[in-house]
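First comes the structure, then the notes that go with it.
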Amino acid sequence: MPELPEVETTRRGIASCITNRQITDVIVRQRNLRWPVPFRLRKTLAGQTISSIQRRGKYLLLSMQSGTLLIHLGMSGSLRVVPANLPAEKHDHVDIVFDNHSVLRLRDPRRFGAMLWTQQNPLQHKLLKDLGVEPLAKDFTAEYLFNAARKRKVAIKQFIMDSHIVVGVGNIYANEALFLAGIRPTIAAKNLSLPRMQQLVTAIKLVLKDAIRSGGTTLRDFTRGDGRPGYFRQQLNVYGREGDPCKRCGTPIKLIRQGQRASYYCHRCQR
DNA sequence: ACTTCGACCTGTTGGC
DNA sequence: TGCCAACAGGTCGAAG
């Protein structure tokens with residue numbers, strides 16, 4: 001579920017509920033996420049106040065007096081603020097309890113997510129320090145992408161999904177952005193001209209902004225527990241549409257595999 | 001420095 | 001209906 005738009009929507013959705021709230025308790029039901037949830041997390045967090053919640057890539061950064069809690073939602077994670085008396089369900093692994101008896105609850109069926117504590121500058125943390133640019137920031141430009149692609153023979157789709165180049169472009173939006181830009185996902189990154197990179201950069205920003213705009217709907221549907229985001233799904237041009245007609249030219253959408261991920265594209269519109 | 005691939009998990013879906 | 005394989009929105013880290 002979580003690509004950058006969902007993570008950003010989550011951040012915005014919980015920010016006002018948790019900032020300036022004091023933590024009174026932490027309940028860890030399952031510590032085996034991607035990396036173990038810190039053993040003494042309850043001891044570490046109790047009594048601290050969350051001063052802000054920021055996002056870097058798909059990581060959420062909860063700032064407190066003595067450090068930062070890093071949260072990644074992996075493939076299936078979600079965060080919700082619920083009343084403390086709402087019973088935890090099967091995959092509700094961590095509760096952060098606040099002084100007003102609300103709870104920040106992490107749910108993650110596949111457990112590819114993470115919750116880590118760091119006392120250093122979080123941007124210097126091992127997992128964050130080598131991340132690429134933010135796709136919606138001004139420094140994500142055609143020139144940047146073009147320069148980064150020199151000598152890179154990897155396919156452009158895998159290239160834009162590489163978080164060391166640019167963060168937050170997941171499989172759905174990589175497919176969608178390449179369609180909008182008219183670029184075939186298999187082209188070697190180094191073979192794209194600067195103007196085509198400009199089209200791609202523009203498409204990535206557009207797709208992510210649109211998705212954030214409809215992210216609220218996506219999130220609400222998801223957290224309600226009925227899975228797929230109905231609203232956003234209707235905006236998809238290629239993802240999940242194998243064999244269906246291209247919305248621009250009618251040619252059946254193709255499905256291939258790149259690096260064990262599904263790539264959908266129009267053989268005619270994308271060259 | 002770059003590329004490929006296995007690994008981590010559970011839940012859902014589609015074919016037989 | 002049951003069973004099994006394939007697949008799912010991520011990304012790290014080892015090995016080549």
Side-chain angles (χ1 to χ4, degrees), chain A residues 1-10 29-37 55-60 70-79 89-94 106-116 125-132 135 147-178 186 188-191 204 207-208 210-212 214-215 217-223 225-233 235-236 238-243 255-264:
Chain A
M1 138 74 167
E3 291 207 33
L4 185 147
E6 285 80 10
V7 177
E8 177 61 19
T9 303
T10 296
R29 302 182 187 83
Q30 166 63 274
R31 57 185 349 111
N32 295 321
L33 305 187
R34 175 152 202 193
W35 294 283
V37 175
R55 179 187 59 75
R56 175 74 176 102
K58 295 174 189 168
Y59 289 89
L60 289 169
L70 303 176
I71 300 175
H72 196 289
L73 298 177
M75 280 286 238
S76 59
S78 61
L79 278 174
E89 295 182 28
K90 189 174 180 184
H91 298 293
D92 292 338
H93 304 315
V94 181
L106 173 68
R107 174 178 298 182
D108 187 3
R110 292 181 71 180
R111 289 193 260 135
F112 286 178
M115 183 176 282
L116 299 168
H125 188 275
K126 181 186 176 187
L127 293 172
L128 304 191
K129 67 180 173 58
D130 293 321
L131 290 179
N147 288 334
R150 295 310 83 205
K151 299 180 182 174
R152 295 296 301 271
K153 68 173 194 179
V154 69
I156 188 61
K157 174 164 178 265
Q158 286 155 289
F159 187 67
I160 60 174
M161 289 180 70
D162 181 348
S163 64
H164 299 104
I165 305 298
V166 54
V167 295
V169 183
N171 199 35
I172 292 176
Y173 301 124
N175 279 300
E176 295 299 312
L178 286 164
T186 50
K190 63 178 182 177
N191 290 342
I204 289 171
V207 160
L208 293 179
D210 278 356
I212 289 173
S214 61
T217 305
T218 302
L219 184 69
R220 226 176 301 123
D221 285 345
F222 179 78
T223 53
D226 42 77
R228 293 304 185 89
Y231 178 67
F232 186 74
R233 204 177 180 180
Q235 300 180 43
L236 298 178
V238 288
Y239 186 84
R241 298 191 64 244
E242 183 197 7
L255 168 61
I256 61 171
R257 289 218 159 252
Q258 295 181 280
Q260 292 132 329
R261 310 301 297 276
S263 293
Y264 301 87

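Every value quoted in this text rests on a predicted model; they were computed, and no experiment measured them. Note on naming: letters A, B, ... go to the chains in the order of the sequence lines (proteins, then strands), and numbering restarts at 1 for each one.
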d([atom1], [X]; [atom2], [N]) in whole Å:
X: Gln30(A); N: dC8(B); atom1: CD; atom2: P; answer: 15 Å
X: Leu60(A); N: dG10(C); atom1: CG; atom2: P; answer: 15 Å
X: Leu70(A); N: dG10(C); atom1: CG; atom2: C1'; answer: 16 Å
X: His93(A); N: dC8(B); atom1: NE2; atom2: P; answer: 17 Å
X: Ile156(A); N: dT3(B); atom1: CD1; atom2: P; answer: 12 Å
X: Arg257(A); N: dT4(B); atom1: CZ; atom2: P; answer: 16 Å
X: Lys153(A); N: dA1(B); atom1: NZ; atom2: P; answer: 18 Å
X: Asn175(A); N: dA8(C); atom1: CG; atom2: P; answer: 11 Å

If I pick the [atom1] atom on [M] and the same atom on [N], what distance separates them, to the nearest angstrom?
N: dC7(C); M: dC5(B); atom1: P; answer: 16 Å
N: dC9(B); M: dC3(C); atom1: P; answer: 25 Å
N: dG14(B); M: dG9(C); atom1: P; answer: 15 Å

Expected output: side-chain [X] to main-chain [Y] donor-acceptor under 3.5 Å:
X: Thr10(A); Y: Leu79(A); value: no
X: Arg31(A); Y: Val37(A); value: yes
X: Asp108(A); Y: His93(A); value: no
X: Glu3(A); Y: Val169(A); value: no
X: Asp162(A); Y: Phe159(A); value: no
X: Glu89(A); Y: His91(A); value: no
X: Asn175(A); Y: Tyr264(A); value: yes

Check the phosphate of dG6(B) against Gln260(A), side-chain N and O only, distance under 4.0 Å to OP1 or OP2. Yes or no?
yes
Is any side-chain N or O of Tyr173(A) closer than 4.0 Å to OP1 or OP2 of dG9(C)?
no
For Lys190(A), the side-chain contact (heavy atoms from CB on, under 4.5 Å) test, sequence neighbours excluded, returns Lys153(A), Ala188(A)
For Gln258(A), give me all partners under side-chain contact (heavy atoms from CB on, under 4.5 Å), at least two apart in sequence or on another chain.
Ala155(A), Lys157(A), Gln158(A), Pro185(A), Thr186(A), Ile256(A), Ser263(A)
Pairing string, 5' to 3', for DNA chain B - Watson-Crick or wobble contacts under 3.5 Å, brackets [ ] where pairs cross, | to another strand
.|||||||.|||||||
Do nucleotides 9-16 of chain B as a string where each nucleotide becomes B, S or -: B if the base has a protein heavy atom under 4.0 Å, S if just the sugar-phosphate does, - if no protein is that close.
BBS-----
Does the side chain of Met161(A) reach to within under 4.5 Å of the side chain of Arg261(A), using non-hydrogen atoms?
yes
Would you mind reporting whether Leu73(A) and Leu106(A) have side-chain heavy atoms less than 4.5 Å apart?
yes
Output all residues satisfying ring pair (Phe, Tyr, Trp, His ring centres under 6.0 Å) with His72(A), sequence neighbours left out; order by chain, then residue number.
Tyr59(A)
Using the 3.5 Å cut-off, write out each protein N or O paired with an N or O of nucleotides 11-14 of chain C and the distance between them.
from: dT11(C); atom 1: OP1; to: His72(A); atom 2: NE2; distance (Å): 2.7
from: dT11(C); atom 1: OP2; to: Lys58(A); atom 2: NZ; distance (Å): 3.2
from: dT11(C); atom 1: O4'; to: Arg34(A); atom 2: NH1; distance (Å): 3.4
from: dT11(C); atom 1: O2; to: Arg34(A); atom 2: NH1; distance (Å): 3.3
from: dT11(C); atom 1: O2; to: Arg34(A); atom 2: NH2; distance (Å): 3.0
from: dC12(C); atom 1: OP1; to: Tyr59(A); atom 2: OH; distance (Å): 3.2
from: dC12(C); atom 1: O4'; to: Arg34(A); atom 2: NH1; distance (Å): 3.3
from: dC12(C); atom 1: O4'; to: Arg34(A); atom 2: NH2; distance (Å): 2.6

